[in-house]
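Notes for the one structure printed next.
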2 protein chains.
Amino acid sequence: MRSLKYAILGLLCRHPMTGYEIAKEFNSELAEFWYANHSQIYPELKKLNEEGLVNYDIEISGEILEAKRYTITEEGYKDFKKWLNKDEKMQKTPKDIFRLRMYFSGNLNVETRIRLLESQHLQHHKRLNTLKKKYEQYSEVPPRDSDRFGDFLVLRGAIMRQENIIAWLEECIGYCKEDDRD
Amino acid sequence: MRSLKYAILGLLCRHPMTGYEIAKEFNSELAEFWYANHSQIYPELKKLNEEGLVNYDIEISGEILEAKRYTITEEGYKDFKKWLNKDEKMQKTPKDIFRLRMYFSGNLNVETRIRLLESQHLQHHKRLNTLKKKYEQYSEVPPRDSDRFGDFLVLRGAIMRQENIIAWLEECIGYCKEDDRD
DNA sequence: ATTATACATGTTTGTATTGACATGTTTTAT
DNA sequence: ATAAAACATGTCAATACAAACATGTATAAT
């Protein structure tokens, strides 16, 4: 389905970027729903260029260090818009290794289950705090046609998702701790 | 990390199964957090057998139809238990194409956004109803050491997650519909 | 009888993805 | 001065995964 292609084109719609900047964006801002290594990004940019969907200019920093700053072409923008307008089927529930473990937790003693659950709880809680800090930067809902509106929607989604996972983990801990059920 | 390996071993801990049955399980019961095609499962079973983690007996249905019923070995069980006890790092947030779209939704007119959001909403709502029906089969929390306890935990998790996605989608629709903000 | 569905097991091809390998420059802090 | 961190771009090998190809048998419904 070439999702990476559209993730890159979408970013380039905002403004021209280098591969390095795209990689950074994938591994910080967008990381709540997308990510990719530079080892995937550079070949994809090369391919997009060959397909005529992006162009680049070479920038020099210092004496010789070269950076290719990519710009989306007319054709690239058309392609992206077409993809963005498509109504796609709901995607498969993503794989989740921790849930897989919990599915098999009947094979663990109760103490271990609680230990594993609490470790996840702690980690997800930290994640949530980071997200909340980011959220504080928004004093109001950004205008609907700005890029920041999209950022805002997915940030809200990330926070809600994180809170939900935490609630589930707490419920699980509760079920594990309930004594003397029969 | 060979997660498929452990997903299969985990199932075989419960009782011996054929490849076909494992595939079915992956695409119905476990589907809320795991899935795999038979084209992945059969080669993996072969590999596990070569590694001595599973054995199989051949069963004949009717005249000649053969099925390999796999059983976990002592060694396989040890390997599985070791994996299950490990406290692993929280996994990366899964990729989500719809969120990627919403991230870029500044490029869409408001009507299209609402259309896309409502399409997702409808689909996730159907999914939720299916899950709730499954949940009705539990009149109480199953005993902690039964296989059904694990089933119950992940089913609860799936319902909560689904409800959360729906809440997010509704919030997004709300933000898109708000008129005359400035 | 015939047809559809479920049972049953495999291989092959193409794509996606990760992690490691590989190389170098520029800037910032000490 | 020098060391560390950030900038910058690429390739390669291994794994994971999906979709299609390939080939049948058994059972239930009509």
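Chain letters run A, B, ... following the sequence lines, proteins first, then strands; residues in each count from 1.
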Distance (rounded to the nearest 0.5 Å) between [X] [atom1] and [Y] [atom2]:
| X | Y | atom1 | atom2 | result |
| --- | --- | --- | --- | --- |
| B:His125 | B:Gln162 | NE2 | CD | 10.0 Å |
| B:His124 | B:Asn164 | NE2 | CG | 11.0 Å |
| B:Thr112 | A:Asn85 | OG1 | CG | 5.0 Å |

* Ignoring hydrogens and angles, state whether a donor on the side chain of A:Asp147 or B:Tyr103 is under 3.5 Å from an acceptor on the partner side chain. => no
Donor-acceptor under 3.5 Å ([X] side chain, [Y] main chain):
| X | Y | answer |
| --- | --- | --- |
| A:Arg113 | A:Cys176 | no |
| B:Gln120 | B:Leu117 | no |
| B:Asn107 | B:Phe104 | yes |
| B:Arg101 | A:Lys86 | yes |

* **Within residues 84-91 of chain B: residues closer than 4.0 Å to DNA chain C (heavy atoms)** => none
Atom-pair distance ([atom1] on [X]; [atom2] on [N]), nearest Å:
| X | N | atom1 | atom2 | answer |
| --- | --- | --- | --- | --- |
| B:Glu59 | C:dC7 | CD | P | 14 Å |
| A:Tyr70 | D:dA8 | OH | P | 13 Å |
| A:Ile41 | D:dG10 | CD1 | P | 12 Å |
| B:Ile22 | C:dC7 | CD1 | C1' | 15 Å |
| B:Tyr42 | C:dT12 | OH | P | 17 Å |
| B:Glu21 | C:dC7 | CD | C1' | 10 Å |
| B:Asn27 | C:dC7 | CG | P | 13 Å |
| B:Met17 | C:dA8 | CE | C1' | 14 Å |

* Does B:Arg144 make a cation-pi contact with A:Tyr175, if we ask for NZ or CZ under 6.0 Å from the ring centre and within 45° of the axis? -> no
* Asked: Do the side-chain N or O atoms of B:Tyr20 get closer than 4.0 angstrom to the phosphate oxygens (OP1, OP2) of C:dC7?
  -> yes
* **Side-chain N,O (A:Lys24) to OP1/OP2 (D:dA8) below 4.0 Å** => no
* Could you write nucleotides 15-25 of chain C as a row of B, S and -, 5' to 3', where a protein heavy atom under 4.0 Å of any base atom gives B, of only sugar-phosphate atoms gives S, and otherwise -? -> -SSBBB---BS
* Note the angle between the end axes of the helix from C:dA1-D:dT30 to C:dT30-D:dA1, five pairs defining each, rounded to 10 degrees. => 40°
* Looking at the rings of B:Phe26 and B:Tyr35, which for Trp means the six-membered one, are their centres under 6.0 Å apart? -> no
* To do: I would like to know whether A:Lys177 and A:Glu118 meet salt bridge (Lys or Arg N to Asp or Glu O under 4.0 Å); could you show each step before the answer?
  => CA-CA 12 Å; A:Lys177 281 189 175 166; A:Glu118 280 177 348; 3.5 Å; yes
